[in-house]
There are 2 protein chains.
Amino acid sequence: MRGAVMYAPGDVRVEEREDPSILEPTDAIIRLAATCVCGSDLWSYRGTDSVNEPSPMGHEYVGVVEQVGDEVRNVKPGDFVIGSFFASDNTCEICRSGYQTSCVHRVGMGSLGCQAELLRVPLADGTLVATPGMPDDDLIPSLLAASDVLGTGWFGAVAAAVGPGKTVAVVGDGAVGLLAVLAAKQLGAERIIAMSRHASRQALAREFGATDIVEERGDDGVAKVKELTGGLGAHSVIEAVGTQESMMQAIRSTRPGGHVGYVGVSHDVELPGQELFFSHVHLHGGPAPVREYLPQLIELIWNREINPGKVFDLELPLDEAAEAYKAMDERRAIKVLLRP
Amino acid sequence: MRGAVMYAPGDVRVEEREDPSILEPTDAIIRLAATCVCGSDLWSYRGTDSVNEPSPMGHEYVGVVEQVGDEVRNVKPGDFVIGSFFASDNTCEICRSGYQTSCVHRVGMGSLGCQAELLRVPLADGTLVATPGMPDDDLIPSLLAASDVLGTGWFGAVAAAVGPGKTVAVVGDGAVGLLAVLAAKQLGAERIIAMSRHASRQALAREFGATDIVEERGDDGVAKVKELTGGLGAHSVIEAVGTQESMMQAIRSTRPGGHVGYVGVSHDVELPGQELFFSHVHLHGGPAPVREYLPQLIELIWNREINPGKVFDLELPLDEAAEAYKAMDERRAIKVLLRP
């Protein structure tokens, strides 16, 4: 099969990889209908994360089950399925508490390389969720978004305790930040402040439910959010970048007793204990337990109540994965969908 | 009046200070029935916090109202009252959300020097809570504990989302840590692990409700808590020290999706963003909004359902404040009550 492999920062190639096969009786093999490039893939593309050997890439996937192991019960060949970027058993105590990305048996899907034609999904019963039927083609981008960026933005909003009557600020205007705006709207936020300085992203943020746009960053951005909230800060702030600046911007934009939900993968972040202590914020985040939200997200998409697929503003054949990375790196595209 | 003043690390003197008087119409003057030395006073006593000029000390107090300003309505001369270490208006949006220690008009009581005979309490209506009548003398230590250490331990437990069925670990065996054990018991915890290597403190922890004692510290302590919790970690961990080691011990002792409530005043703490991200814990803490809990805590004490005053294992006249600091610094006493 064909699959994307990163050889070094900036060097992504699509080449022949061995077809996956059932290794464990709990595995499933799926033929991908679509996959994509994630903002977090750019950490290694840009050299922030090291690339020590040629690495299969991608952790987002939707597709049709081709084959299942002997112990798989919840999905069958022919089902159209979606899974999260971590495989999980969905039965351990941690999964049952809603933290499937910390499942005691979790497997990172990134190591399996989802930017490919075929994919082995471990722990298929706990990982995959089937759609009610074969989706119309125009639903594929939204279903693919549910595999990571929608679920991640949703977790950010849940972690930030978004709800009716709340003022929410979102730091980061990538796909996750934009979909955090959508999630905040769905969860009943009264006011949603999107922090973005790009016209096209601002427009999509407004379409997803943003009521205010703040272009300033860092402490200027904090001052602007405070100005919009009677000097107190937002009730809920979703952090969707992962840098020191964005984390401090999120913490400082939150009122005492408010909630920061952080889902940007932390890179070189050190949080000053004393400032955090006196900030009085709640801090929660990490790898989003997308599996927890998949049934609900699939239903919203299936009923066409939300259209998160709009974050894909470029679609390319899998063979052009290199160009997909480049377009996202240069911020020419918010998110690129790849068709195998 | 007499009052304790710190001149330098290790140098506390009781001397004549000017009697306080009503400065604002919202002030009250109270005659102290008891005051005490706080673990956080030791930061400056030990030179960790600097002492730039002679500073009146103390932020914990109970006593009888002597005089009130023209606008005070909720307390009157003759009332026995308790307040928190931050004065608060209890009417602003932050107070109404339960974070009176971040009140937009807050005043730190430490700057007024509560280790004294008389005290000016700003924002008396929002700060002071009267007991149902004049308390029996044996209730004074418990009522004094409510002014800070009980309320702080209680907030730690609330911030750590303690509740029925939960396993709770407490890092720190000072007065706050011990009273966090008491709070966890009151809030319905199923299992309470106290982390302490001092026999007398272990005994008090057990009396307050601890079911397990762990003597190990740091990563050994973490390993022990994991061993006691099926490898997962506790649901709720209360941090009551404020150092890098204690914070990391608390975070690492908590299961994914669990809650860390931290109430030790942070000193030189830097939290590694990436570890925090993948830990999946909830983190919340800061200066405890004791005012929020005072009515409930006074009721529990008044009805003799709890006896938090047991943390005072030494009682001295105010004039011997220097010895009180010394005894706590040398860990000869858990907490020292001072009688003016």
Side-chain angles (χ1 to χ4, degrees), chain A residues 49 86 92-104 106 108 155 159 161 229-233 235 239 242-244 246-248 251 255-289 292, chain B residues 49 86 92-104 106 108 155 159 161 229-233 235 239 242-244 246-248 251 255-289 292:
Chain A
D49 287 353
F86 271 97
C92 76
E93 203 172 326
I94 301 299
C95 280
R96 282 183 282 127
S97 74
Y99 286 84
Q100 289 89 343
T101 27
S102 282
C103 169
V104 298
R106 71 183 172 281
F155 174 60
T229 54
L232 300 178
H235 298 97
E239 191 283 338
T243 61
Q244 184 73 22
S246 64
M247 281 298 283
M248 296 318 296
I251 291 166
R255 67 179 57 196
H259 292 73
V260 176
Y262 66 107
V263 290
V265 183
S266 289
H267 279 76
D268 298 322
V269 171
E270 294 276 333
L271 300 181
Q274 195 165 6
E275 179 171 350
L276 199 62
F277 184 84
F278 287 103
S279 76
H280 253 160
V281 303
H282 297 76
L283 196 60
H284 184 46
E292 180 72 7
Chain B
D49 287 351
F86 270 98
C92 77
E93 203 172 325
I94 301 299
C95 281
R96 281 183 283 128
S97 75
Y99 286 84
Q100 289 88 341
T101 27
S102 281
C103 169
V104 297
R106 71 184 172 280
F155 174 59
T229 53
L232 300 178
H235 298 96
E239 190 283 338
T243 61
Q244 183 74 23
S246 64
M247 280 297 286
M248 295 319 297
I251 291 166
R255 69 180 55 195
H259 292 73
V260 177
Y262 66 108
V263 289
V265 183
S266 290
H267 279 75
D268 298 322
V269 171
E270 293 277 333
L271 300 180
Q274 195 166 5
E275 178 171 351
L276 198 62
F277 184 85
F278 287 103
S279 76
H280 253 159
V281 303
H282 297 75
L283 196 61
H284 185 44
E292 180 73 6

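In what follows, chains are A, B, ... by sequence order, proteins preceding strands, each numbered from 1.
Among residue pairs with one or both ends in residues 277-289 of chain B, none qualify as salt bridge (Lys or Arg N to Asp or Glu O under 4.0 Å); sequence neighbours excluded. Within the structure, salt bridge (Lys or Arg N to Asp or Glu O under 4.0 Å) contacts touching residues 258-270 of chain A (residues at least two apart or in different chains) do not occur.
Side-chain contact between A:Phe277 and B:Val269: absent, with no pair of heavy atoms (C-beta onward) separated by less than 4.5 Å.
Interface summary for chain B: among A:Pro256, A:Gly258, A:Ser279, A:Gly231, the most heavy-atom pairs under 4.5 angstrom belong to A:Pro256. Contact tally against chain A (heavy-atom pairs below 4.5 Å) for B:Gly98, B:Pro289, B:Gly285: the top residue is B:Gly285. Contact count versus chain B (heavy atoms, under 4.5 Å) is highest, among A:Cys92, A:Gly286, A:Gly273, for A:Gly286. Heavy-atom pairs under 4.5 Å with chain A peak, among B:Pro287, B:Ser102, B:Ser97, at B:Pro287. Here A:Pro272 is the residue among A:Ala159, A:Gly230, A:Pro272 with the most heavy-atom pairs under 4.5 Å with chain B.
When all heavy atoms are compared, the tightest approach of B:Tyr262 to B:Leu283 is CE2-CG, 3.9 Å. Between A:Asp49 and A:His267, the shortest heavy-atom contact is OD1-NE2, 2.9 Å.
Of the two parts of B:Glu93, only the side chain, counted from C-beta on, holds a non-hydrogen atom closer than 4.5 Å to a non-hydrogen atom of chain A. Heavy atoms closer than 4.5 Å to chain B are found nowhere in A:Glu275, neither backbone nor side chain. When heavy atoms are compared at a cutoff of 4.5 Å, A:Val265 approaches chain B by way of both its backbone and its side chain. With a threshold of 4.5 angstrom between heavy atoms, A:Thr101 approaches chain B through its backbone and through its side chain.
With A:His259 as reference, A:His282 is the one residue of A:His282, A:His235, A:His280, A:His284 to meet the ring-ring contact (aromatic ring centres under 6.0 Å, His included) rule.
When atom types are taken as modelled, the side chain of A:Glu239 and the backbone of A:Gly242 share a donor-acceptor pair closer than 3.5 angstrom.
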